[in-house]
Amino acid sequence: MPAVAAAVATSFDLPNYVGELFFQKSERPNTLLRLIGGMTSGVRTVGAPKFPLSVDYQLPAPAQPAILEGADPVLREEDTEQSTNILQIFQEGVGLTYTRESSQAAIGGLAVIPGGGEGEVVRPGSFEWQVQRAIERIQNQYNFSALRGAYNEPADNTGARGMRGVLSACVTNVKDNAAAVLSKAVINDTLQAWMESRMFNRGDQLFVLASADDMTKLLALYEGDAQPPRAVDTVGVTVQYINTRWAQLNVAWEPDMPAGQLLFTQPSRIQPVAMPIVAGGQNKGLLFREEVAHTGSSRTQQLYGEWGIDYAHEIFHGTLKNYT
């Protein structure tokens, strides 16, 4: 199995091959990232690593007032609280020796003879090829972090910043099923409670992200219905559409989801966040590529960006966990 080498690549490390580029072993759907528009559109830009999400306040439960004629008003004030998140650094490097970058004719592996093989020549020694793989690694890292990232705001540079992912953010709408069996009744009761907590309005669409096993468990509950789950395509993501009493569920496979949990989320309320990097008087962009210190007979580049996630407010998302 090919591995990622943390070093400058030489002509011995990345031989050229002939055949179909088989990337399925590494390719990930990055479902959450696709649902929020990727890292190229709808990005919110900020001017500092720590950024605001929302201002929270909580009104008391309503009741009928009993106010006497001519009475003085009762003075009240509603406390507010600022919700925040933080950007984390994404950085990948690519380094090739001059020999490796120049040697594009030699073919490794099986000898290429007439009739002995078909397909394009795959040149991992190309800078462009390696940069594309670095972008894929960053996309995978971002998807995982935006979903499951643990918040960390370091006191100094001995610690790395970490964004709070959507799954980690859920506090208000968390249903622990106490190891009981997952059922339609559990789904309906959970959705009703979340609707009453103002997570969504009745009839709204929610996306449910799940591992393959958990997706199977959920869909199996509805497969015998008069209207069983049907597949639809949303922004390149195949989802199974389910009608419930309280909301419409779009169930999607997300390999980055932990086992035994379902995330109910509203992607329309989620935005990628990034800080434009300005250095040396140049606006380098949100995710940029540049040459780094040149030494010896090799060339090195890096991809760099500082990214986070804006999920609006944690109350718009919920998790159902600990079921059998």
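Panel note: side chain Tyr241, backbone Pro228; no donor-acceptor pair is recorded below 3.5 Å. The main-chain N or O of Gly42 is found under 3.5 Å from a side-chain atom of Gln271 such that the two form a donor-acceptor pair. Side-chain atoms of Arg34 come within 3.5 Å of backbone N or O of Gly236 as a donor-acceptor pair. At least one donor-acceptor pair closer than 3.5 Å links the side chain of Trp307 to the backbone N or O of Leu286. Put simply, the side chain of Asp225 never gets that close to the backbone of Gln227: no donor and acceptor are under 3.5 Å apart. Trp194 places no side-chain N or O within 3.5 Å of a backbone atom of Phe200 that could act as its donor or acceptor partner. In this structure a side-chain-to-backbone donor-acceptor pair under 3.5 Å is missing from Asn177 to Ala179. Listed for the Arg202 side chain is no donor-acceptor partner under 3.5 Å among the backbone atoms of Met195. With Ser54 contributing its side chain and Ser83 its backbone, the two residues share no donor-acceptor pair below 3.5 Å.
Considering only heavy atoms from C-beta on, Thr234 stays 4.5 Å or farther from Pro267 through its side chain. When side chains are defined from C-beta on, Asp310 does not count as touching Asn85, because their heavy atoms never get closer than 4.5 Å. Side-chain contact between Met257 and Asp214: absent, with no pair of heavy atoms (C-beta onward) separated by less than 4.5 Å. Residues Arg230 and Val232 form a side-chain contact, since some pair of their non-hydrogen atoms from C-beta on lies under 4.5 Å apart. Side-chain contact between Val237 and Phe207: absent, with no pair of heavy atoms (C-beta onward) separated by less than 4.5 Å.
Under 4.0 Å is where a charged nitrogen must lie from a carboxylate oxygen, and between Arg164 and Glu314 no such pair does. Under 4.0 Å is where a charged nitrogen must lie from a carboxylate oxygen, and between Arg28 and Asp256 at least one such pair does. Ionic pairing of Arg148 and Glu254 is not present here: no N-O contact between side-chain nitrogen and carboxylate oxygen is shorter than 4.0 angstrom.
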### Evaluation steps, side chain to side chain donor-acceptor pair (under 3.5 Å), between Ser211 and Asp213
CA-CA 6 Å; Ser211 68; Asp213 286 344; 5.6 Å; no
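In this structure, CG on Leu191 lies 7.5 Å from CE on Met199, to the nearest 0.5 angstrom. For the atom pair CG (Leu320) and CG (Asn173), the distance works out to 11.5 Å, reported to the nearest 0.5 Å.
Connection of Phe51 to Val166 is established within a shared hydrophobic cluster, with ILVMFWY side chains joined at heavy-atom distances below 4.5 Å, either directly or through further cluster members.
Counting all heavy atoms, side chain and backbone alike, Leu206 lies closest to Ala247 at CD1-CB, 4.1 Å. Here the shortest heavy-atom pairing between Ala252 and Val239 reads CB-CG1, 3.8 Å.
More than 12 heavy atoms of other shown residues, nucleotides or ligands fall within 6.0 angstrom of atom CD in Glu291. Residue Asp233 places its CG atom among more than 12 non-hydrogen atoms of other residues, nucleotides or ligands, all under 6.0 Å distant.
Residues forming a side chain to side chain donor-acceptor pair (under 3.5 Å) with Glu290 (at least two apart in sequence, or on another chain): Lys284, Gln302. The side-chain contact (heavy atoms from CB on, under 4.5 Å) search around Gln82 returns Pro52, Val55, Thr84, not counting sequence neighbours.
Of the options Leu53, Ile270, Val273, Ile86, a side-chain contact (heavy atoms from CB on, under 4.5 Å) to Ile309 is made by Ile270 and by none of the others.
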